Asks: 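Right, I'll just put the structure down here and ask away after.
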Amino acid sequence: MAAPRGRSAPACVLLPLLLGFVLLLQGAPSQAGDTVAAGRPLSGGDSLVSKRGKFRLGFFQPDNSSDHWYLGIWYNQISLHTTVWVANREAAITDPASSQLSIASDGNMVILDHRRSTVWSTNVTGVVASNSTTVGVILDTGNLVLADASNTSAVRWQSFDHFGDTWLPGGKLGRNKRTGEVTQLVAWKGYNDPSPSPFSLELDPGGSSQYLLKWNGGEQYWSSGNWTGHAFTAVPEMTPTDASPLSKYTFGYVDGADESYFVYDVTDESVVTRFLFDVTGQIKFLTWVEAAKEWMLFWSEPKKQCDVYAVCGPFGVCTENALPSCSCPRGFSQRRPGEWLQNDHTAGCARNAGLACSDRDGQHQKNSKNDDDRFYTMDDARLPSSARSAAAASARDCELACLGNCSCTAYSYTGGGGCSLWYGDLINLQDTTASGGGSSISIRLAASEFSGTGNARKLVIGLAAAGSVAAVAAIVLATILILRSRRIKSLRRVEGSLMAFTYRDLQFVTKNFTEKLGGGAFGSVFKGSLPDATPVAVKKLEGVRQGDEA
Ligand SMILES: *[C@@H]1O[C@H](CO)[C@@H](O)[C@H](O)[C@H]1NC(C)=O
Ligand SMILES: *[C@@H]1O[C@H](CO)[C@@H](O)[C@H](O)[C@H]1NC(C)=O
Ligand SMILES: *[C@@H]1O[C@H](CO)[C@@H](O)[C@H](O)[C@H]1NC(C)=O
Ligand SMILES: *[C@@H]1O[C@H](CO)[C@@H](O)[C@H](O)[C@H]1NC(C)=O
Ligand SMILES: *[C@@H]1O[C@H](CO)[C@@H](O)[C@H](O)[C@H]1NC(C)=O
Ligand SMILES: *[C@@H]1O[C@H](CO)[C@@H](O)[C@H](O)[C@H]1NC(C)=O
């Protein structure tokens, strides 16, 4: 956005500037209307803009260090490029200048790459009448439709039936009762990688009215609960009488003969909002705050990052409220560090050193030269899923039971003969040192991980030298942390619900309401930031006898 946004600039200065900006937009060569037609393909840096200017369709590059390009839809009137839909999310093109979006001879909308081969198609069969021609139109709702050229109300295909990671107001997320098809939201794999992650959201294909969050199409890690008429049972803050931010939305569940679906809309049309299935495996409601040039989060589920199934991948360790939330345990390293940088941890961690025994051919084979495997114990952990129990009289027995099978990767002995064994990948391991309440788990590692030679010895010497400096730094840091935590301790997260704040908390979070974002009929909105760096917008009500609202 080139238009200056002086907060108190008088209208007589702003108006000519804005007019100039609008004229500039209209004169821009990339402006090609809102329609793609057979003789009018879209290519290179060209783009289409919806009638009232809300959304733009064109080729874009989420990560300019790679040559992956996609056809997508993004907001046209906000200053941060925010993609809401991607056509070819599984098939990137490399050269937008020689690729194009066009209408094929069978009437489908297609993306042709530089070799003129089809990398993506709306793929509608037999719907396009032989005589008619079709066009693609980007609408102000953010919906891309394929319709008859002579009558654009006759929609043959629409992007609102094929969501990506974003559910826009007016879109239907539901189930077609005739075909059994469900519309799904599937998160991006990484912040710059639109290809599908293992996380999906859909209306229960089994027929109930609950939304399910799933990993790999199977493992369910969150449910909205069933629709009660005005809210989902697990999302009580939707209830319209509630003073929660979600009450500014209208939600509707339609259970018809052919389809059942949910729709939502905002009561105030100037509010730019989206429902995002984030790379983190969490669903989020976000609102654009132009003055802050940021998307503000005001609702998400699951509330806890570590409740997302397998979010840190095999052998990854999740730590709640840590940044990043995933790490690798001792003896393991990030399997794909490049993906971790994009907040995609799903590939998990790989062993630094192979185990002494391998279980090939079902035989217990001890590799020559190596000592027996040993165990590294995490004292405070949420145990991974899918343990098997074994009989063991002592911790040593439990350890031996694990050592005795080459595919056993961890054990946990809880006393009184309770021995749990894990085979294969460890999934959903969580470090609960900070929150407490965990159990101990012993992870199988190669004996070489425990030898006190080489790097380990150098490390000890280095630590000794750095020790005195570190001690001083640690005391200073601890003092700062204690002082800060006194102030933020009362910021309590209400489990499974919205966060509740006291007035003092909000004063702290917003730096005593210093950064004003905007004003409304009932008060002003201020920018703030939670202790975990989550940006928030705080509305300060200025009427008499009204409560505080976050
Ligand atoms: C990518 O884009 C950013 C922001 O536009 C820019 O700062 C950076 O130099 C670009 N990198 C490359 C490799 O083009
Ligand atoms: C088009 O649909 C057919 C059958 O419905 C499917 O086999 C094919 O993979 C689809 N092609 C594309 C490009 O989606
Ligand atoms: C196709 O167009 C021709 C001439 O315009 C017309 O006579 C014919 O009825 C049309 N066919 C269909 C199936 O609409
Ligand atoms: C345009 O298409 C819509 C939807 O199929 C239909 O209801 C309407 O009658 C059509 N209008 C004309 C003029 O053909
Ligand atoms: C929702 O309703 C279905 C039956 O319609 C039931 O099987 C399911 O357990 C309910 N879900 C919850 C979370 O109560
Ligand atoms: C190791 O345990 C797995 C899982 O219980 C089992 O399938 C396998 O047969 C065992 N291998 C040996 C050599 O006992």
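Ligands are counted one by one from 1 in listed order, and the atoms in each one are counted from 1 as well. Just so you know, these numbers come straight off a predicted model, no measurement behind them.
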Asks: Just checking Trp227 against Phe251, ring centres under 6.0 Å apart?
Replies: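 For Trp227 and Phe251, the ring centres are not under 6.0 Å apart.
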Asks: Is there a side-chain contact between Ile283 and Phe275 in this structure, where contact means two heavy atoms from C-beta onward sitting under 4.5 Å apart?
Replies: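 Contact flag for Ile283/Phe275 side chains = yes.
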Asks: Hey, which atoms in ligand 5 end up nearer than 4.0 Å to a heavy atom of Gln210?
Replies: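 What qualifies from ligand 5 is 1 (C), 8 (C), 10 (C), 11 (N), 12 (C), 13 (C).
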Asks: Check Cys408 against ligand 6 and report side chain, backbone, both or neither, counting heavy atoms closer than 4.0 Å.
Replies: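 Under 4.0 Å from ligand 6, Cys408 contributes no heavy atoms.
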Asks: Is the distance from the ring center of Tyr211 to that of Phe262 below 6.0 Å?
Replies: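 When the ring centroids of Tyr211 and Phe262 are compared, they turn out to be within the sub-6.0 Å range.
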Asks: Is it true that Asp140 and Lys51 have a side-chain N and a carboxylate O under 4.0 angstrom from each other?
Replies: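 No, no charged N to carboxylate O under 4.0 Å.
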Asks: Look at atom 9 (O) of ligand 5 and say whether a protein heavy atom is found at less than 4.0 angstrom from it.
Replies: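 It does not; no protein heavy atom is within 4.0 Å.
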Asks: I need the single residue from Leu429, Ile441, Asn428 that forms a side chain to side chain contact (heavy atoms under 4.5 Å, CB included) with Arg382. Which is it?
Replies: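 Result: among Leu429, Ile441, Asn428, Asn428 is the only option passing the side chain to side chain contact (heavy atoms under 4.5 Å, CB included) with Arg382.
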Asks: When you measure from atom 2 (O) of ligand 4 to the protein, is at least one non-hydrogen atom found at a distance under 4.0 Å?
Replies: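 Flag for atom 2 (O) of ligand 4 set to true, protein heavy atom closer than 4.0 Å.
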Asks: Counting only non-hydrogen atoms of the protein, does one fall under 4.0 Å from atom 5 (O) of ligand 5?
Replies: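 There is a protein heavy atom less than 4.0 Å from atom 5 (O) of ligand 5.
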Asks: Determine whether the aromatic ring centres of residues Phe59 and Tyr70 are separated by less than 6.0 angstrom.
Replies: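 No; Phe59 has its ring centre 6.0 Å or more from that of Tyr70.
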Asks: Heavy atom to atom 14 (O) of ligand 4, shortest distance: which of Asn151, Asp148, Val155 holds it?
Replies: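 Ranked by closest heavy atom to atom 14 (O) of ligand 4, first place is Asn151.
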Asks: Taking N or O atoms only and a 3.5 Å limit, does Asn226 qualify as a polar contact for ligand 5?
Replies: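 For ligand 5, there is an N or O atom that lies under 3.5 Å from one belonging to Asn226.
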